[in-house]
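Note that the structure is predicted; figures quoted are calculated from it, not measured.
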Amino acid sequence: MTLKSAPFGTDPIFICGPTASGKSSLALEMARALDGEIVNADAFQLYHGLEILTASPSADEIALLPHHLFGVLDPGEKMDAGRYLRMAKPVIGEIQNRGRTPVVVGGSGLYLKFLTHGPAPLPEGDPALRAGMQSRPLEDLVAQLRDLDPVEASRVSLQNRRYVERALEICLLTGEKASDLRDRWESKTRETESKLRGIVIRRDRADLHARIAARTKAMLDGGAIDEVAALADVAATCEKAIGFREIRSFLTGETALADCEEKINAATRQYAKRQETWFRREKWLEPRFLQPLDHS
RNA sequence: GGCUCGAUAGCUCAGUUGGUAGAGCAGCGGAUUGAAAAUCCGCGUGUCGCUGGUUCGAUCCCGGCUCGAGCCA
């Protein structure tokens, strides 16, 4: 709690870190100390029906303090970072109007980045356009991108179909070069970081992996399987949640429970590593090292 | 007890007609502003079970041993 809080008033404070690092408890602690309210910045805790699988805060925890943006979407509802920003901004504003401090907690780096750095002046995704691109071979898309915006084509990883599609989508929707639009925005974004405050939790790998394993076990024992069974048909969006496919394949008998558990663990570890890589680049975040003994 | 097969990367296995070995998964590192718990990129030295022998040279061939699986008693 050594955070420089005074100059910031009711400016939000961000609590980030890899999955299973203990963000929720730290957020609770911070919110209590700063007279705050908690705002979710986790892409999947936004949905209801996935509380166990996504390790959402428990009812007991939610009862302690106001929690916002947890379980507000129907499973299967489409979401993206821009829409998240539009939802979160007013919520954060209202908390501040009440004279309280928003404590934004979550591990979805892209969503957080929209909140902290704002949206780039780029068009949102166009489902029809994307559907059309999906049926075309990647080389075809790459060729078109090279033609419309060679600079962007040289920057984007051309093996990454998603990124190629997105770059092309921007060009087609705006009639401008995606690279130009991005450059304009990135040159403006630098100054904002001095006004941000936040914490990124760090833990030793072995510690984090142990916590992940314990949490996976608790999820499987604690109802995640029933949760997935109940959602088995809905799904398009939830399918991407770690554990969803693994549990579903257990439910159909393709995978033994022990294998299912190990696969979830592995996927979660890999996700945690991607998160560490992401947050390491956010230099404005103040690292906080937690040890196994803190186990919070 | 006898016979057969196996023993190679953390795991599952491939391979070397004798010139010290490579895939998948795991792991590690990275990218990432509207699908992000997504998507994508890069990284492979390990007493080739141990021990003798043959050979210029053995992980590979031969003997013994250890462990595991199976079959016969």
How many Å lie between [atom1] on [X] and [atom2] on [N], as a whole number?
X: A:Asp259; N: B:C11; atom1: CG; atom2: C1'; value: 12 Å
X: A:Asp80; N: B:A37; atom1: CG; atom2: C1'; value: 16 Å
X: A:Lys263; N: B:C11; atom1: NZ; atom2: C1'; value: 13 Å
X: A:Leu158; N: B:G42; atom1: CG; atom2: P; value: 13 Å

Closest listed nucleotide, where the reference is the side chain of [X] and the choices are [options]:
X: A:Lys273; options: B:G29, B:A37, B:U39; value: B:G29
X: A:His209; options: B:A35, B:A37, B:C28; value: B:C28
X: A:Thr277; options: B:G30, B:A37, B:G34; value: B:G30
X: A:Lys240; options: B:G34, B:A38, B:C28; value: B:A38
X: A:Ala266; options: B:A38, B:G34, B:A26; value: B:A26
X: A:Arg280; options: B:G29, B:A36, B:U39; value: B:G29
X: A:Leu122; options: B:A35, B:G27, B:G34; value: B:G34
X: A:Phe114; options: B:A36, B:G34, B:A37; value: B:G34
X: A:Arg205; options: B:C28, B:G34, B:G30; value: B:C28
X: A:Ser157; options: B:C40, B:A31, B:A37; value: B:C40

So do the side chains of [X] and [Y] get within less than 4.5 Å of each other, counting heavy atoms only?
X: A:Phe70; Y: A:His67; answer: yes
X: A:Glu282; Y: A:Lys113; answer: yes
X: A:Leu73; Y: A:Arg83; answer: yes
X: A:Gln144; Y: A:Leu168; answer: yes

Whether the side chain of [X] and the base of [N] hold a donor-acceptor pair under 3.5 Å is what I'd like checked.
X: A:Asp42; N: B:A37; value: yes
X: A:Glu165; N: B:A35; value: yes
X: A:Tyr163; N: B:A38; value: yes

Legend entry - Chi class for B:G34: syn within 90° of 0, otherwise anti: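 Here the answer is syn: the torsion falls within 90° of 0.
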Counting just side-chain N and O atoms, does [X] come under 4.0 Å of either OP1 or OP2 of [N]?
X: A:Tyr111; N: B:A36; value: yes
X: A:Arg130; N: B:G34; value: no
X: A:Ser108; N: B:A37; value: yes
X: A:Arg161; N: B:C40; value: no
X: A:Gln270; N: B:G27; value: yes
X: A:Arg269; N: B:G27; value: yes

Legend entry - N-O pairing of A:Glu37 and A:Arg100 below 4.0 Å: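 Yes, charged N to carboxylate O under 4.0 Å.
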Inset, instruction - State whether a side-chain donor-acceptor pair under 3.5 Å links A:Ser154 with A:Arg146. - result: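 The criterion, which ignores hydrogens and geometry beyond distance, is not satisfied for A:Arg146 and A:Ser154.
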Legend entry - side chain to side chain contact (heavy atoms under 4.5 Å, CB included) between A:Arg203 and A:Gln291, worked out: CA-CA 6 Å; A:Arg203 309 189 84 110; A:Gln291 301 290 315; 5.9 Å; no
Inset, instruction - Answer yes if the ring centres of A:Phe14 and A:Trp284 are under 6.0 angstrom apart, and no otherwise. - result: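 Yes, the ring centres sit under 6.0 Å apart.
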Inset, instruction - Could you run through RNA chain B and flag its stems, i.e. three or more consecutive Watson-Crick or G-U pairs with both distances under 3.5 Å? - result: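 Output for stems: B:1-7 with B:66-72, B:10-13 with B:22-25, B:27-31 with B:39-43, B:49-53 with B:61-65.
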Inset, instruction - Remember a base hit wins even if backbone is also touched, and classify A:Gly243 as base, sugar-phosphate or nothing at under 4.0 Å, heavy atoms. - result: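 Nothing, no heavy atom under 4.0 Å.
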Inset, instruction - For A:Gln134, answer base if it contacts any base atom (sugar-phosphate contacts may also be present), sugar-phosphate if it contacts only those atoms, and nothing otherwise; contact means non-hydrogen atoms under 4.0 Å. - result: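 Result for A:Gln134 = base.
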Inset, instruction - Please measure how far the C1' atom in B:C72 lies from the corresponding atom in B:U12, and state the result in whole Å. - result: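 Per the computed distance, 30 Å lies between those C1' atoms.
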Inset, instruction - With P as the reference atom in both, quote the distance from B:A21 to B:C65 in angstrom, rounded to an integer. - result: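 About 31 Å, rounded to a whole number of Å.
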Inset, instruction - Take A:Glu262 and A:Trp278, find for each the nucleotide of RNA chain B with the closest heavy atom, and name the residue whose nucleotide sits nearer the 5' end. - result: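 It is A:Glu262, whose closest nucleotide lies nearer the 5' terminus.
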Inset, instruction - Might you work through the side chain to side chain contact (heavy atoms under 4.5 Å, CB included) test for A:Ser179 and A:Arg182, ending with a clear yes or no? - result: CA-CA 5 Å; A:Ser179 54; A:Arg182 286 197 156 128; 5.8 Å; no
